[in-house]
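The block underneath contains the structure these notes are about, expressed in structure tokens.
These numbers were taken from a predicted model, which means no experiment stands behind them.
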Amino acid sequence: QVHLVESGGGVVQAGGSLRLSCAASGRTFSRPITGWFRQAPGEPREFVGVLLGGAGSERYADSVKGRFTISRDNAEDTVYLQMNSLKFEATAVYYCVERPSRSGAYIYTDPTAYDYWGQGTQVTVSS
């Protein structure tokens, strides 16, 4: 059972930056696929980005492309989401998600594609 713990959320002014962390434990498989979703009040969960493998395998939602960056520190088994030029509409609870790399088709923007979820961390962007 993979345990994901997010941290780094908080309140930031529009145009500012935050870095979220996702620390994993209990993993028994190699080559995890780790990503981020977010959910604003009254809205469905929205794909933010995913790390499909090593460096260069990142995929992002169009709404964050060029401003958000996902990276992994293998030594710390931690995935980061660096968020720059934050907009008011980025206000949401951010969730770290993970699934094993396994055969079979899946849609990485689909929240049901992921087996493990963290508890979420709140990000609030003030105007």
Closest approach of Arg72 and Asn74, non-hydrogen atoms and distance? CD-OD1, 2.8 Å
Tell me whether Leu52 shares a hydrophobic cluster with Tyr80, the cluster being built from Ile, Leu, Val, Met, Phe, Trp, Tyr side chains joined at under 4.5 Å. no
Can you name the residues that form a side-chain hydrogen bond (donor to acceptor under 3.5 Å, both in side chains) with Lys87, not counting sequence neighbours? none
What closest approach, in Å, do Ser85 and Ser17 show between heavy atoms, and which atom pair accounts for it? N-OG, 4.3 Å
With sequence neighbours left out, write down each residue that passes side-chain hydrogen bond (donor to acceptor under 3.5 Å, both in side chains) with Thr124, or none if nothing qualifies. Gln122
Atom of Ala40, atom of Ala92 and distance for their closest heavy-atom approach: N-CB, 3.8 Å
Is the number of heavy atoms from other residues, nucleotides or ligands under 6.0 Å of Phe29 CZ greater than 12? yes
Tell me which pairs pass ring-ring contact (aromatic ring centres under 6.0 Å, His included) where either residue lies in residues 99-121, with sequence neighbours left out. Phe37-Tyr114, Phe37-Trp117, Phe47-Tyr108, Tyr95-Trp117
Evaluation steps, side chain to side chain contact (heavy atoms under 4.5 Å, CB included), between Gln82 and Ser71: CA-CA 8 Å; Gln82 177 66 45; Ser71 61; over 6 Å; no
Shortest non-hydrogen contact from Ser101 toward Ile33: CA-CD1, 4.0 Å
Can you tell me if CD on Gln13 sees more than 12 non-hydrogen neighbours from other groups inside 6.0 Å? no
For Glu46, salt bridge (charged side-chain N to carboxylate O under 4.0 Å, His left out) partners two or more places apart: Arg38
If you measure from CD on Gln1 to CG on Leu4, what distance do you get to the nearest 0.5 Å? 9.5 Å
Using links of under 4.5 Å between side-chain heavy atoms of ILVMFWY residues, direct or through other members, which residues join Val64 in one cluster? Val12, Leu18, Leu20, Trp36, Val48, Leu51, Tyr60, Phe68, Ile70, Val79, Leu81, Met83, Leu86, Tyr94, Val123, Val125
When rounded to the nearest 0.5 angstrom, what is the spacing between OG1 in Thr69 and CZ in Arg67? 10.5 Å
Quick one: do the Asp73 and Thr78 side chains pair a donor with an acceptor below 3.5 Å? no
Where at least one partner belongs to residues 90-113, residue pairs that pass salt bridge (Lys or Arg N to Asp or Glu O under 4.0 Å), sequence neighbours excluded: Arg27-Glu98, Arg102-Asp115
Going by distance alone, is a donor N or O of one side chain under 3.5 Å from an acceptor N or O of the other, for Gln39 and Arg45? yes
